[in-house]
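A short worksheet on the structure shown next.
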Amino acid sequence: MEVNGDSTDATAVLNINYESSREAEIVQKILEVDAEPSRSKTKKVFSVSGRNLQIQVICPDVRELRISLDSLMDHLHLVNQTINKFGPPQPPAKKLCLKNQD
Amino acid sequence: MTIIIGMEGSANKIGIGILKNGEILSNPRKTYITPPGLGFIPSETAKHHQGCVLEILDEALREANVSLKEVDAIAFTKGPGMAAPLLTVALVARTLSLMWNIPLIGVNHCIGHIEMARAITGANNPTVLYVSGGNTQVIAYLEKKYRIFGETIDIAVGNCLDRFARILMLSNDPSPGYNIEKLAEKGKKLLTLPYCVKGMDVSFSGILSFLEERANNLLKKGEYTKEDLCFSLQETIFAMLVETTERAMAHCGSSEVLICGGVGCNKRLQSMMNTMCEERCGRLYATDERFCIDNGAMIAQAGYLMFKCGITTSLKDSWVTQRFRTDDVLVTWRDD
């Protein structure tokens, strides 16, 4: 993790390695769903290369960065634990069709 | 055969229920209990849920003897509720969904309560009183929606009870409302409290302020006991709820009342409602704390009904929301 900050802008870059690229992609998809709170000026940029998930967190100041990272870490930890306990991910379904039956 | 997992964590309870063709296989739950005098705040509640959600999921799967590859859909609470706890549960639901290619179903918490209570009691088309720590609504079904006939204009009835319990420094274990109910059984002297019915709506915050200002003085002077105050509060606020429910019944020509939500397991509320129902030759349906109080099975039950109509939620729409009204949901699964 690297943190760069001056008085107007603060950015942190997280790099997390997963067991497979599929795991990294799953975590990216899960975390990308939630929009930042309406008053927040935080921006998150996700990217996956190979088994590595990179998250860039850009905030107007270091204090907001800390708050943002705090909840992001909690969420990452929960998702990682879920993967460890209830994974590994199955091969992706070719088509997500509904088995609508009784 | 349809197996649905239901995950609930919109307030201080976290629960996961598993349903097979509508039959409950397991329904474990944990409550975040704070010390006397303190309420639960969103971030700490979320931390509590994060700490035990996977353990509860494991327990639910083991007890139901179900493996994730057999599961047809994962229902989770989309809202309303506290954002941080809601998100905790949604994150786990999304992870399972993506890992195991299982569709998600975002469920309205209030609809979960109504559908669970209907399924358990067999009530067909009742007037519903939904009373909990976050919601107070009188509801009736009409043309594909659960319509809100009356509701609180400020705090929920359960919130009023919880906060009164904090004034008296009652224990929050198992729940503040339960401890008020037990004390109220021994209350004898009725303190006249403001009675706040406004048309079909109710208001509780004034009653709470009234008590906040006077309770400790009344107790110190020995005019009233804690038991008397609990009794007085219950009698007043429950009378308000029975009055508005009765008016909704008369308006809809309904003869059934269904009570759901956490406050719904209060025996005094049930008995007052039952007296009203008997006078109108109607019938009361109520459930016990297993299904009244927030639980995973209720989310699974609503999810099951939605799934049978082909409703699922895409990943990008699996965000959670603090505000999600009961009448926002199109009830496609009912034909009446």
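What you see below is based on every heavy atom in this structure, not just the backbone, and it leaves out hydrogens, waters and symmetry mates. Naming convention: chains lettered A, B, ... in sequence-line order (proteins, then strands); numbering from 1 in each chain.
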Inset, instruction - Examine B:K78 relative to B:W319 and say whether NZ or CZ is less than 6.0 Å from the centre of the six-membered ring and inside a 45° cone about the ring axis. - result: yes
Counting only non-hydrogen atoms closer than 4.5 Å, does [X] touch chain A with its backbone (N, CA, C, O), its side chain (CB onward), both, or neither?
| X | result |
| --- | --- |
| B:L68 | side chain |
| B:S43 | neither |
| B:D58 | both |

Legend entry - Side chain / backbone / both / neither for A:P91 at chain B, heavy atoms under 4.5 Å: backbone
Legend entry - B:K47/A:D74 ion pair, N-O < 4.0 Å: yes
Legend entry - Interatomic spacing from CD1 in B:I311 to CG in B:L305 - rounded to 0.5 Å: 9.5 Å
Legend entry - Of B:E55, B:E8, B:E59, the residue whose pairing with B:K30 passes salt bridge (charged side-chain N to carboxylate O under 4.0 Å, His left out): B:E55
